[in-house]
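Heads up: the structure comes next, in structure tokens.
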Amino acid sequence: MPTFWSEKQNIIEPKRKYRFTVEIVAFGDLPDATTTVIWYAKSATIPSYTVTNVTHKFLDNQYYFPGHVEWNEISVKMVDPVSPDAVFATHNILASSGYVVPAGPQGAYATMSKKKSAIGAKLQGVVITQLTADGGPLEKWTLANPFLTGVEFGEFVYEGDDIREIDMKMRYDWATCTKHDPTTGNVISTFDPTAGPGVVLSPLKGYPNS
């Protein structure tokens with residue numbers, strides 16, 4: 001008996017975890033880089049948010065009200081190829097973000113800033129894209145004003161022969177999300193918190209009443 005997943009006139013393709021790309025403009029400046037897409041990315045956290053709540057008590061009743069929206073930290077895990085060198089790519093991001101140790105009283109006194117991180121270190125262009133089976137864009141997340149919060153370079157062990165990995169964590173102010181037509185790649189709808197209240201999502205083709 002056919003189901004809605006496999007009917008000839010109504011085939012629905014689920015989104016797959018392994019169909020994605022991570023793009024960071026800063027990594028495109030590496031000597032051996034040919035694109036800003038990190039082809040050696042192993043996993044990436046999809047942007048998410050938490051809505052806080054406040055409580056008000058009246059007599060023997062308790063009421064809840066929405067508070068502020070907090071976007072959660074994301075993590076990009078990469079394997080570390082010899083070329084391009086992902087370790088030095090993260091070092092360059094840190095240095096371009098303004099990190100300087102004042103070596104003595106006559107040393108530099110520069111400090112890190114969000115502007116240096118987003119613009120100087122070129123982290124403004126952090127994009128995570130969900131792909132279709134044909135390699136086209138389906139869902140695209142873009143981080144607003146991201147900056148590094150931590151980098152872990154793994155460990156050295158004699159017992160293992162695993163590929164070395166780098167885990168890079170980032171914070172950001174918010175994220176935008178665009179939905180693309182799986183056939184044409186055109187943008188169908190956009191979630192942009194800066195564009196005004198409310199988001200109208202277009203119905204997906206193939207669903208009933210669409």
Side-chain angles (χ1 to χ4, degrees), residues 13-50 70-101 112-114 116-180 182 185:
E13 175 70 25
K15 297 177 181 178
R16 305 296 184 93
K17 285 186 175 182
Y18 62 85
R19 293 175 183 162
F20 75 97
T21 59
V22 179
E23 183 178 1
I24 301 179
V25 173
F27 281 65
D29 290 337
L30 296 177
D32 299 302
T34 58
T35 176
T36 57
V37 173
I38 307 176
W39 53 266
Y40 40 90
K42 187 174 181 179
S43 65
T45 308
I46 301 172
S48 62
Y49 52 83
T50 301
E70 178 180 347
W71 288 84
N72 301 317
E73 185 180 70
I74 73 158
S75 175
V76 176
K77 183 172 292 187
M78 306 168 286
V79 298
D80 185 20
V82 174
S83 179
D85 194 325
V87 169
F88 272 84
T90 57
H91 290 339
N92 289 337
I93 291 174
L94 184 63
S96 299
S97 298
Y99 175 68
V100 177
V101 175
M112 297 180 66
S113 70
K114 181 182 289 189
K116 292 177 182 178
S117 297
I119 300 176
K122 297 184 179 180
L123 279 181
Q124 189 67 48
V126 177
V127 181
I128 302 172
T129 304
Q130 170 86 61
L131 302 176
T132 65
D134 296 323
L138 183 62
E139 180 182 290
K140 185 174 293 187
W141 294 86
T142 304
L143 307 187
N145 309 322
F147 59 92
L148 281 181
T149 58
V151 178
E152 297 180 7
F153 297 108
E155 62 180 358
F156 295 116
V157 291
Y158 284 117
E159 292 82 3
D161 57 358
D162 299 332
I163 297 176
R164 181 178 168 184
E165 297 178 350
I166 298 175
D167 193 5
M168 182 171 62
K169 296 179 174 60
M170 285 179 282
R171 275 283 188 184
Y172 51 101
D173 291 331
W174 69 86
T176 60
C177 181
T178 56
K179 182 173 69 175
H180 298 252

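Side chains are part of it too, since the values below use all heavy atoms of this structure and drop only hydrogens, waters and symmetry mates. For reference, positions follow the sequence shown, starting with 1.
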Would you say [X]'s side chain and [Y]'s backbone share a donor-acceptor pair under 3.5 angstrom?
X	Y	answer
Gln130	Arg16	yes
Thr90	Val87	yes
Arg171	Trp71	yes

Specify the closest pair of heavy atoms between [X] and [Y], including all atoms of both residues, with the distance to one decimal.
X	Y	value
Ala175	Trp141	CB-CE3, 4.1 Å
Val79	Pro81	O-CD, 3.0 Å
Cys177	Glu139	SG-CG, 3.8 Å
Pro47	Ile74	CA-CG2, 4.1 Å

Flag the pair [X] / [Y] as yes when at least one side-chain heavy-atom distance between them is below 4.5 Å, and no otherwise.
X	Y	answer
Tyr99	Ser117	no
Ile166	Phe153	yes
Leu138	His180	no
Phe20	Val22	yes
Gln124	Val25	no
Val76	Val126	no

Rounded to the nearest 0.5 Å, what separates atom [atom1] in [X] from atom [atom2] in [Y]?
X	Y	atom1	atom2	answer
Phe88	Asp80	CZ	CG	10.5 Å
Ile24	Ile93	CD1	CD1	6.0 Å
Asn145	Met170	CG	CE	13.0 Å
Lys114	Leu123	NZ	CG	12.5 Å
Thr50	Asn72	OG1	CG	4.0 Å
Ser97	Lys122	OG	NZ	13.0 Å

**Message:** Between Leu94 and Val151, is the side-chain contact (heavy atoms from CB on, under 4.5 Å) condition met? List the steps.
**Reply:** CA-CA 10 Å; Leu94 184 63; Val151 178; over 6 Å; no

**Fill in**
side chain to side chain donor-acceptor pair (under 3.5 Å) filter on Arg164, not counting sequence neighbours, yields none

**Asked** Would you call the rings of Tyr40 and Phe27 parallel, tilted or perpendicular if under 30° counts as parallel and over 60° as perpendicular?
**Response** tilted

**Item:** Polar side chain donor-acceptor pair, Thr36 to Glu23, under 3.5 angstrom
**Value:** yes

**Request:** Please say whether more than 12 non-hydrogen atoms of neighbouring residues, nucleotides or ligands are located less than 6.0 Å from CD1 in Ile163.
**Result:** no

**Asked** Can you name the salt bridge (Lys or Arg N to Asp or Glu O under 4.0 Å) partners of Asp167, sequence neighbours left out?
**Response** Lys169

**side-chain contact (heavy atoms from CB on, under 4.5 Å) evaluation trace for Trp39 with Thr21** = CA-CA 7 Å; Trp39 53 266; Thr21 59; over 6 Å; no

